[in-house]
Amino acid sequence: MSNFLSAPINLAATLQSGQVFHWHQEPDASWSGLIDKMPARVSEKDRRLIIQKGDPETIAKHFALDHPLEKIVAAFPKDAMSQAALRSCQDIRIMRQPRWECTATFITSSMKQVAHIRSMSLAIRERFGQSVEGSKISAYPSFETLAASSAAALRDCGLGYRAENLLKTARILAEGGLDLDSLAKQKNPLLRQSLTKLPGVGVKVANCILLFAYERLDAVPIDTWIHRILLAMRGGRDGTATELARYARRRLGPYAGYVQQYLFHHARSLKKSISPPSP
DNA sequence: CGCCAGGGTCTCG
DNA sequence: CGAGACCATGGC
């Protein structure tokens, strides 16, 4: 896997595109974070990953440096929006995330901005996570740990009504009601159906988990941003969730999840850049 | 300060 | 099945 270290990656955009939420940038512009319980520090030079701390194999796998970006890019739709997103977000990668951590953070993500998902993630880590030597932040707590916590304690981390969902899901997993790893053999529709049995996991969050933790690169989470984009692609014609999902799958191609990620990040960076300067 | 955010769930037609 | 209400919280 470490022989992929020459593969291109847009590190900053990858880490800021709403996939993972706990990485932070150091004064020297490198990025520090945890891959499960392993501290890592990486930077980017000429679109290549420079490793300053952490096991190269683990890092290369986490950042999915083996994903065939050329093939993925070639499969992008040819419409103006997809191509604009492709140009502005070049070399973003869909990372391979730990399943529970991904499931938990996206349960907290509903009706929340990226910045607040981050603050909730950091609060949960600080309150419940194991400290890690060589890391400023703690590991994401196991579902056993969260199962033994309380809704009130999770609310203290800013989760609001999502606290009960995360607690219930942690308890289901702790009691063996579902095994995230054994789901990996299921095909997309069944996997999605299995995941949506968890409290706080609907179709959108399930698709995030499929894309980010099960490497289903054709899975398309439809949030408010992607919904608006699909609407525009359809000439303003809205539809049911099922219709839009079918449209996205057909329109965005075999790597629809990748296309979706580029569209999402591009739309958000546009919005940020055109926000009026404060007086 | 008011709007909106990587939505899920329950109810009612 | 599909539309609507409600759910807490904080960034911008």
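Throughout, protein chains are lettered first and strands after them, A, B, ... in sequence-line order, and every chain is numbered starting at 1.
When A:K61, A:R96, A:R99 are each tested for a salt bridge (charged side-chain N to carboxylate O under 4.0 Å, His left out) with A:E215, only one passes: A:R96.
Straight-line distance from the CZ atom of A:R268 to the P atom of C:dG11: 14 Å, rounded to whole Å. Taking atom CG on A:L122 and atom P on C:dG10, their separation rounds to 14 Å, with Å as the unit.
For residues 84-95 of chain A, the side chain to side chain donor-acceptor pair (under 3.5 Å) pairs, not counting sequence neighbours, are A:R47-A:D91, A:S88-A:H266.
For A:F264 and B:dG6, the ring-to-base geometry satisfies the stacking test (centroid distance below 5.5 Å, interplanar angle below 30°).
Among all heavy-atom pairs drawn from A:G158 and A:H116, the shortest one is O-CE1, 3.5 Å.
In the interface, the side chain of A:Q261 is paired with the base of B:dG6 through a donor and an acceptor atom under 3.5 Å apart.
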Taking only nitrogen or oxygen atoms into account, show me every contact under 3.5 Å that the protein makes with nucleotides 9-13 of chain B, one pair per line with its distance.
unit_1 : atom_1 : unit_2 : atom_2 : d
B:dT9  : OP1    : A:G200 : N      : 3.1

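Here the separation of B:dG6 from C:dC6, taken at their P atoms, is 24 Å to the nearest Å.
If you check the side chains of A:D36 and A:H62, you find no donor sitting under 3.5 Å from an acceptor.
Among the heavy atoms of the strands lying under 4.0 Å from A:R228 are primed sugar atoms or P, OP1, OP2 only; no base atom is included. Contacts of A:G18 with the nucleic acid, taken as non-hydrogen atoms under 4.0 Å apart, include base atoms. The residue A:F21 sits apart from the nucleic acid: no heavy atom pair falls under 4.0 Å. Across all strands, A:T105 comes closer than 4.0 Å to no nucleic acid atom at all (heavy-atom distances).
Between A:R127 and A:D156, at least one side-chain N (NZ, or NE/NH1/NH2) sits under 4.0 Å from a carboxylate O, which counts as a salt bridge.
In this structure, A:Y258 and A:Y262 have tilted ring planes: the angle between them lies in the 30° to 60° band.
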Treat primed atoms plus P, OP1 and OP2 as sugar-phosphate and everything else as base, then score nucleotides 1-8 of chain C 5' to 3': B for base contact with protein heavy atoms under 4.0 Å, S for sugar-phosphate contact only, - for none.
-S----BB
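No more than 12 heavy atoms of other residues, nucleotides or ligands sit less than 6.0 Å from atom CD of A:E126.
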